Structure formats: structure tokens, C-alpha cells
*Asks:* 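There's a structure below that I have some questions on.
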Amino acid sequence: MTKTKLAHTQLTLRLFSAHYRQAPLQAAAILIGIVLAVTLFVAVQAINLNAERSYAQSTEQLSAQAQNLIVPPAGQRYLPESLYFALRQQGLSASLPVIEGKVRDTQGRRWSVQGSDLIAALSSRSRYSSDSDIEQEVSLFNSALPLPELLAGEPIVMMSQSQHQTLGDVTFMSLDNIKAKVAVLPDEWQLGSRMLMDISFAQQLLNKQGQLSYIAVFSTNGDTGSDALSKWQNIIGEQGQWIANNQSTDLGSLTESFHLNLTAMSLLAFLVGLFIAYNGVKYSLLKRNRLMVQIQQSGIAPTIVLSALLVELTILVTAGASLGFVLGMQLSHWLHPTVALTLEQLYGATLLPGTWQWQWWAQALLLTLAATLLACWQHFKQRVHQPLSSHVGLYQAPETSNENQLFVIGTVLTAIALAGLWISEHHRFTMAWLGVLVVSIPLYLPKTLVALARWSKQRTTSGLLQYLFAELLELIFPLSLAMMALLLAVTANIGMNTLVGSFESTLKQWLNQRLHADIYVSPSQGEIANVERALEHFSNIEKVYKQYYVDDNLQGLPISLGTKDRDTLEQTMVFKSHVADFWQRFYQGELAAISEPTAVKLDLSLGSQLKLNALQNKTQIVGAIFFDYGAPKGEVLIAPKLWRENGFTNLPNSLGIKVSGDKQAMYEQLQQQLDLHPSQLYEQAKIKSTALEIFSQTFAITRALNSVTLMVAVIGLFSACFMLLDARKAAIARLYALGVHRRKLMAMVVGQIAALVCFTLVIALPLGALVGYILTDVVTLRAFGWSLTYLWSWSDALSIAGITIVVAVIATLIPLWRLVSKPMMSSLQSEVL
């Protein structure tokens, strides 16, 4: 009996295979949906998981991952190098001195450099690294490492192979007017986009002889108790702080919103792709209805037919998911440089070279298979268990109760989603509720399209025009899924474009208020003190603005603690809210000002108390909340008086100049007399354009994925139109036989699809505006702590609508032209085949 079932299953599968050979478009429609769904899902999965791996493996360059760090005391930037030697003399040998800073090349590009004891770094990897594969590659005896030149003290800069190719395979670089030889290391050594050099050369380059940024501690030789740690802290004293290395956790929390945004876009594209595949499966079942009836009439059991359908779907999903996996990995490779640049510029995170794992393919396959089986199971059962005398036509309209049921479900889901958005606090829950809202949107479509088509039919009198809308009522059913996918993509696209437009508009207004100096000076760290003194002797400089910052921590949130001169504070602080007598009490040291992201993430408001580590936990009261965009960390500003009293650094982070007279002449004078590169001097317009360029990276990947999602929906629309016209060729041929001119016939068919797309856009535009409002006023505030001014752009919305209509017309014209060019008799005969 089992052999008979197996033989019947194989026979049924061969029949289905023969059907697809005769109608390859049906198999292609299913495969296209699956491939498109999996491609973007796998690409974003690879990017996110690779980022998590990069954070988890964040190491000192060429060394193992440190367990602890010794960092400068609060308010200071550097440690004395003598502390490192003292700790080694006391037995803390598993440690590494590190100096970090920024330098510029001859083109004015800024580079992050890190200097360390390379011998100690490589030795620590061999002893403490858990990655045995990389350990075999990274060693003192690898020929890629220029060890003899390093030991000889030659100025050498090491970078990854990918970074070297980006620079044009240069042999030498000039960094802050010091020429250095470039050594290229394999990407597997995990340098990312950073530059590495010996610590002595780095100290010389940064003009920080005898100073360290921090000391990395890999092992305390088994001394992990509180007494042992107290021993090291006593040796360190007030020269530094002993902290646990939480870099991977900090980076993960900083970039959480960014990766959540990518995940949301990939899931949306996955959903749109599944709509396309589901539409293809339904169409294929419809065209095979007579075949399945004949198979069962021949004695094949319904369970055998159902099993064959499941095996067929599994084969198609496996093939589509495999191809989608390959394309997704390639897409992640293309997106990797932009993602790496975004993470580095916004969050200071390094994205290591991408890798892939076969488990990602299995995950994508299982998820896609489960989703398609769940979606198609009911249709499979209906086709298999239908009466053997039935014959279902293409234009079977959905039941009114079904439309009403979908509409009611959509209304309930929308109400629940809006309530959830109102009460949720964390951005993850906010994104989840937004997902529920987006999923509820397509459920309105069938009933709304039918209502709009009936309304249009009632208001037309011309015979052919009335026929257009009458037949459109029957077209809604076979095209509803493609329209749902299109609705989702257009809604998301409009919402995201609204968010980006609102962000850019708000940012420009904020920069106009924030930037008050005529010229900004950004010398290298080693020269900032000399430049600060030199600026006091220029006659045409009316005022020099200064701002000071150090890193700190507030309730577990990494922040920048700082102050500015009085003029800068009062002219650049753009208040969201503040107490009435803020400035007087602020300068007295009673109040502090915090950035909006700090207030949102820590749930602080006016009157809240702050205990800052750098102020020896002295309590400050929040007196003002100011807008701040683009900063990955929170910010707290204190009075200049309080800054000096606590012994913080008197070396400013940046300088601004107010010029009396010709600004261009002063710009040239500063460049010549201070020997500054043009990229170290910024005029207001230049700093605004640079800031906008950097901040726009926050949404660069989102916009790219958004465009891909819309492309997925457009391909789905093209596929649906192609299949539909193939099924309608007999009906169109009858109209042609009745005397309808070919030109009018083409105009009618194109008009039907265009009308259906326009009806969909009527729904998509207001819903896109709603999604854009939620993204702008709710999600962005909770995820990033930014209040944005909602800005609706009719030009963007109309351009998206226009592109969608044009694509729909093209998708209809291509198969329609093929159809009307064929002999009328062959199209009429297809109705009875």
C-alpha cells in the first residue's frame, strides 16, 4: 500500500512538473516572491549579526579582548605612562598601554589612530584569545607584520587590506606633516577601518609623549577577589579608574535603534515578498483546478494530491530561499561599506569584515517555508476537497462577508495598535505596535477597492467605460494580494520619506541656531593648545569661543560632561524647556542642563536630581533640557565655575572665532600663519553641510532598503499583471471580436490597472502620512530622543504615486501588446483548453 501511495505521489508530481513546463510563468511568480522576500531578510540578518559579532569581538588591535580597563580619572583625558610601568613592576604583566587620537592626511581627511605596544598586544592574543583560528593567523612571526622595521623605530602605519584598497593602494601617507610607510594587514586581523602604529610613534604623532589614553588589562593572574582589586586600585590611586570592559554592551545599546530600524525594513520586505509568492500560489492553484479534478477522478486520493502540493511547495521554497540567500549575501556585501561608515561616524563602532554561516540559510528556509505553508494550507485543502464536478472560474469574487470580516479585523488591529503606541514607553514596543498597525493596513483594501469601483461604476454612462469598472470589480479578487503588497510598500516609503524630510528640515533649523561662530578651528589634538594661544594675538578676531568635554556616566548611560564659555552657552543652547531663573542659578552652580536624548532615555524632567561620577556624586538639579541631534551619547552641561572648581581639563575640544571685518581674508590668514590644512578650518556653511552629510547617514541604509522594498512590490505588481492578462486573453479577444478597436481595447485594459493602482494610492497616501507621523513624533523620540517637526511633502508623495502608476502601466502594456499581437482565434481557443 505504501509503494502505491509513493507511486501515486510521484505521478502527481510529474503531472505538476509537466504543467509548470507548459506554464513556467506560474512557477516563476512563486519563485520571484520567495527570492525577493529572502534576499532582503538575509542581507539585513547578515549585517546585524555581523555587527553583533564585531561588538562581541571588540578588541584592542591585534590583541585579545580586555577584561578590565584603567581609564583616566573623571575630568581628565590621559593617564601618565609611568602608571603602566608601576603596575608592571607590581606584577600586573597582562596589560597593554594604548594611546588614541585623531590625525589628518594631506587631503584633510581625519583618521582615528591607535598606538600600542605591539609585542605585548600579539603576545596577549596568543595567551588570552579564545579565537584559535585567528590566533594562528595573528602572530609575531607572520610575514604580513613588518616586525624588523617596527623594532627599528621606523614610522609605520598599519591598516587592513580593504582600507588600503579604498585609499588606492598607497605606499606612504603623510599624517599631520609626518611621512609614514603603510603596512597592509589581512582583513582577518580585524583592524576594520582603524589605523594602528607603535605606541612611541603614535605619541610623537599626537604630541602626547609620556601619556596614555587607557591601559587594557587581560588578566589579573587569578586575583579576582575584592582584596586583590583593591590592591590594584590602591596602586592606581587618583591617577586613574579601574573599570570592567563593557564595550560590547555599550555599543550594542547605542546602536540598538539603528539595527532595529534595519530589522523592521527587512521584515516589511519579507512580508511584501510573501504576498507576491502567495499570490503566485493562488494563481497556480486556480489554473490547475481542472487538472486536480481530473487527477482525483482518475483515482488518486485527495491526501496524495495534498502531499504532492506540499512537496511541490517545499521544493519551490527551497530553491527560492537558496537563491535568495546567495543574493542576500551579495546585497549585504554591497551595503557593508555604508553600514560600517554609519556605525563609525555616529557611534564610534567598528564593523569587521563580513562572514556568513550556513545556519542563516537554514533559518531563512525554515521561516519562509513555515510562513508559506501557513498561508497556503487552507487553499490547498479547499482545492483538494472540492466536489469533483466543480469548475471554478478566474473571476470568482470574494464573499461580501469575507470583505467585511477583513475590514473589521483591520479596524480592531488598528485600534489596538494605536492604543499600544499611546501607552508604550520603550522604542522596541513602539516598533512592535507600529508593525501591528502596518499589518492591519492591507486588511482595509479589498472592501475599500470594491466600494471605490462600485462608486465609479455608478457615475459612468459610456458603455465601454462602464464595462471597465464593471469588470474591475471582478479583477479586484485576483489582484488584491498584489495591491496589498504595493500598499504596504508605498505606505512605508511615504512614511520613511516623511521621516527623513522632517529630520533634515528640523536639523537645518537647529544648526542655524546652534552655529554662532564665523569660523571653526579644528587642529590636531597635539596642536590645539598652541593654536589657542596663537588666536589671542590676531587683531581681527573679536571673540574666541571654547567648549570643553570629558566622558562620564549617568545612571548607566554614557554621557559627555562639558561646559562652554558664557557667550557660547547662551547663544547656542536651543531650549526645549527650562525653569524661569535658569541662567542665574546655572552660573551659580545649582543647576545643570541636559540634552533631550538624556532626558528621554533616563526619564528625567525639570527638577530631577543628577549625581555625576565626575563631580564626586555632587547633586545637580536639572534646570533646562535642550535639543541635540545626532549625538550617540547623552550630554550634561555644567557652569564654567563648577568645571574649574572640580579641576577638569583646561584644554578645549574645539574653538570658534567671531571675526570683525573680512571673513575670507581672516580665513586665509589663519590658514597661512597657523599652518592649518583647509579641512581644519570650517566656515558656517561648510560645517552645516558636513553635519548634514554625517547625520544623514542615520537614514542612508533605511532609504536604500526602503527603495528595495518598493522595488519588490513593483516586481510583484508586474508579475501579477502579467499573470492576470495571460488568464484574461480570451475575454479580451471576445471584445476585439465584437468590434472594439485595438487602441480602445488597450486603453481600457491599461485604464483598469491604472484605476486599481490609483484606488490603492488613495488609501496609501493618508496611511503613509499617519505612519510618517508615528515615525517622526513617536518612534524617533523614544528610540533616539529627538523631537522632530513633522513635515509633509506633497512633492515626494506625488512622485512616488507617479512612479507607481507609470510602472503599473508599463507592467500592463508589455504583456498586453503581446496579447493583441497574437491571432484572435488562438486567444479565443484558450478559453476551452
Side-chain angles (χ1 to χ4, degrees), residues 25 29 32 276 279-280 283 394-395 397 445-446 448-450 452-487 489-490 710-711 713-765 798-824 826-828 830-831:
L25 178 64
I32 285 173
I276 298 170
N279 195 39
Y283 178 76
L394 175 66
Y395 303 130
L445 192 61
T448 307
L449 290 179
V450 169
L452 288 172
R454 285 175 179 165
W455 181 85
S456 301
K457 179 185 173 184
Q458 293 170 0
R459 281 156 181 77
T460 55
T461 55
S462 172
L464 196 58
L465 191 60
Q466 193 170 45
Y467 180 86
L468 183 153
F469 289 109
E471 192 182 35
L472 186 62
L473 284 168
E474 296 188 355
L475 293 178
I476 289 173
F477 171 62
L479 275 177
S480 60
L481 287 171
M483 291 298 113
M484 286 181 180
L486 184 67
L487 175 65
V490 171
L710 185 60
M711 184 187 71
V714 164
I715 293 174
L717 178 62
F718 189 94
S719 173
C721 291
F722 206 97
M723 290 187 298
L724 185 64
L725 284 171
D726 180 68
R728 293 176 62 203
K729 56 188 177 183
I732 295 173
R734 281 198 305 271
L735 289 175
Y736 186 65
L738 290 172
V740 179
H741 194 274
R742 181 176 297 180
R743 186 176 299 172
K744 287 187 177 180
L745 193 60
M746 291 183 67
M748 187 201 73
V749 176
V750 171
Q752 285 176 332
I753 301 299
L756 201 57
V757 172
C758 288
F759 290 162
T760 303
L761 291 173
V762 167
I763 309 168
L765 289 177
L798 293 177
S799 64
I800 293 172
I803 291 171
T804 307
I805 294 173
V806 169
V807 169
V809 170
I810 294 174
T812 310
L813 277 176
I814 295 175
L816 180 61
W817 179 257
R818 291 181 57 203
L819 180 61
V820 299
S821 300
K822 288 182 178 180
M824 178 184 62
S826 64
S827 296
L828 287 171
S830 67
E831 190 172 27

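In this text the structure is predicted, and so the values were computed from the model without any measurement. Heads up: numbering here begins at 1 and tracks the sequence.
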*Asks:* Look up atom CG in Leu445 and atom CG in Leu756, then write down how far apart they are to the nearest 0.5 Å.
*Replies:* 8.0 Å

*Asks:* Sort out for me which residue in Val809, Val806, Ile805 forms a side chain to side chain contact (heavy atoms under 4.5 Å, CB included) with Val757.
*Replies:* Ile805

*Asks:* Heavy atoms, side chains only, cut-off 4.5 Å: are Thr760 and Val490 in contact?
*Replies:*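 No, side chains not in contact.
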
*Asks:* So, for Phe759 and Ser456, which heavy atoms are closest and what is the spacing to 0.1 Å?
*Replies:*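 Shortest heavy-atom contact: CZ-OG, 3.4 Å.
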
